[in-house]
Amino acid sequence: MDIGARIERRRVTTPVSTLVVEWSALSPVIHVSNPVGRGSTLEQLLDALDPLFDDRLPPNIHLHGPPGAGKSALVSALFSHLSDRLSPMHGTIQTTTRGGNEGNFHFVYIDARRSSTVFRLYRSILDALTDEHVPERGVGTGVLRQKLAATVTHSDPDVVVAVDHVDENETLASGEVLELFDEMSESLSVLTVGREPATADRTLGIAAYSTHELADIITERASQGLQQGVLEHTQVKTLAEWAEGDAHDALAALFGAVTVAVQSDSNRIHDQYLKTAMEAVPRDGVPLGIVLSLPKNRRCVLAKLLELDGGERSSVETSATAIADDTNLSTGTVTRYLYELAEAGILERVAATNSERSGRHPSKLEPRFPTFAFRALHEE
DNA sequence: GATCCACGGGAATACACGGATG
DNA sequence: CATCCGTGTATTCCCGTGGATC
């Protein structure tokens, strides 16, 4: 009896659980509560927010830095912790042991990608601040603004709002965001976060991660999400160097490699998986957060597009008809979506040399986002 | 009845190319 | 040769409509 062979057979046939411990720890779109690194930026942010600790509203702040530098990770984690400590509704029960004026702030973190219109921005904030149901339709933007202004100015706790991902293709501009809160600025201050510098009372910059910091991040995520020892040190190094400081890309590639490994029923992440996954993450591409916050039908169109075979992909037209056949959308609408997605940088139009037909040359669509990770996360 | 917003559809414009014209 | 023109296709732009909700 060959025990080794039996163990091996068992090892090979045992599914998923041998590899992944916690998917959410691996997800490039989920931020951890204690991000690795970024200590000095955290200090600068806390400096800018210092008035809070004297029970005063901080100035409007703008934080900017390159993609994948940990802006969102830092700000969302910071707001969550501030909320625990300085909000009346959270953390320790309000008792007389606390000073009367302590804890008088609400902290709201908004992703401008999901709140991409003025209406949705007001709505998200109002929803976070009140227990009442906030309408999604049937009420005008102005009405929501007045409601929000009333809530903010007439209630005790002042409000600090972080608006992440401003100044993107499809999101509100930082200046616009500031103006939206003009009439409540006595009781509300804003932290905008984006890639580009912008005007605010106080601005802070953040630099891309070093390879070393990135390796730490990958290691940390892998230790939370994967069975111990699955990701080798050299693989971490490969990923970190390849990603050139962009944590999003590194995590998207890792996540992709894990999905490939799981689909192949492997209990290891072979270098080949890693390689394929990295190739499925375009450099300077569009982050998953943008793609995943698109309206449902557009996401479906993208998912279908990824499934098309070579012939169907040869032009926008053929792709659109193939997708429309598979959906309840019209060809015209799918075509428009595809062009809009290309305009937004999510797809890229590359010139196709279709010499058979006369007229203007068609173009082929190539995804500009991490495709493996998208496929897995789009299922939800 | 009001409101937001996703869809549909189609008009307007841009482009490629070959052939005609100056 | 340089430019214009016609035809066929690709791409952009715009706005009305309707579902869902209040």
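No experiment lies behind these values; they were computed from the predicted model shown. Here is the naming used below: chain letters follow the sequence lines, and residue numbers restart at 1 for every chain.
- By the side chain to side chain contact (heavy atoms under 4.5 Å, CB included) test, A:Glu307 is found to be paired with A:Arg375, residues two or more places apart in sequence or in another chain being considered.
- Between A:His64 and A:His62, the ring planes lie parallel to each other; the angle is under 30°, not in the 30° to 60° tilted range.
- With C:dA10, C:dC13, C:dT12 as the candidates, the nucleotide lying closest to the side chain of A:Arg336 is C:dC13.
- Looking at every heavy atom in both residues, A:Ala277 comes nearest to A:Ala253 through CB-O, 3.3 Å.
- Which of C:dT12, B:dA16, B:dA6 sits closest to the side chain of A:Tyr339 comes down to C:dT12.
- Residue A:Phe119 has its side chain nearest to B:dC5 when only B:dC5, C:dT12, B:dA6 are considered.
- Taking atom CZ of A:Arg349 as the reference point, atom C1' of C:dT12 lies 10 Å away to the nearest angstrom.
- Here OG1 of A:Thr219 is found 11.0 Å from CG of A:Leu226. Values are rounded to the nearest 0.5 Å.
- A cation-pi arrangement, defined by a distance under 6.0 Å to the six-membered ring centre and an angle within 45 degrees of its axis, is absent between A:Arg268 and A:Tyr273.
- Protein atom CG of A:Leu294 is 15 Å distant from nucleotide atom C1' of B:dC5, rounded to whole Å.
- The distance from atom OH of A:Tyr122 to atom P of B:dC5 is 13 Å, rounded to the nearest whole Å.
- Note on A:Thr333: a side-chain N or O is less than 4.0 Å away from OP1 or OP2 of B:dG8.
- Distance A:Arg145 CZ to B:dT3 P: 14 Å, rounded to the nearest Å.
- Between A:His133 and the phosphate of C:dT21, there is no side-chain N or O to OP1/OP2 separation shorter than 4.0 Å.
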Checklist entry - Run the side chain to side chain contact (heavy atoms under 4.5 Å, CB included) check on A:Val118 and A:Glu176 step by step: do they pass? => result CA-CA 9 Å; A:Val118 174; A:Glu176 192 180 351; 4.1 Å; yes
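- Remark on DNA chain C: of its neighbouring residues A:Pro135 and A:Thr335, the 5'-side contact belongs to A:Thr335, judged by nearest-heavy-atom nucleotide.
- Using a 4.5 Å cut-off on side-chain heavy atoms (C-beta onward), A:Val316 and A:Ser363 make contact.
- Within the structure, a side-chain polar atom (N or O) of A:Arg120 is placed less than 4.0 Å from OP1 or OP2 of B:dC5.
- Residue A:Glu136 contributes atom CD, which lies 10 Å from atom C1' of B:dC4 at whole-angstrom precision.
- Of the residues in residues 317-330 of chain A, those with a non-hydrogen atom less than 4.0 angstrom from any atom of DNA chain B are A:Asn328, A:Leu329, A:Ser330.
- Nearest nucleotide to the A:Ser363 side chain, out of C:dA10, B:dC4, B:dA6: C:dA10.
- Each of B:dC4, C:dT11, B:dC17 was ranked by its minimum atom distance to the side chain of A:His361; first place goes to B:dC17.
- The side chain of A:Arg360 has C:dT9 as its nearest neighbour among C:dT9, B:dG8, C:dT12.
- Put simply, CD on A:Glu340 is 15 Å from P on B:dC5, counting in whole angstrom units.
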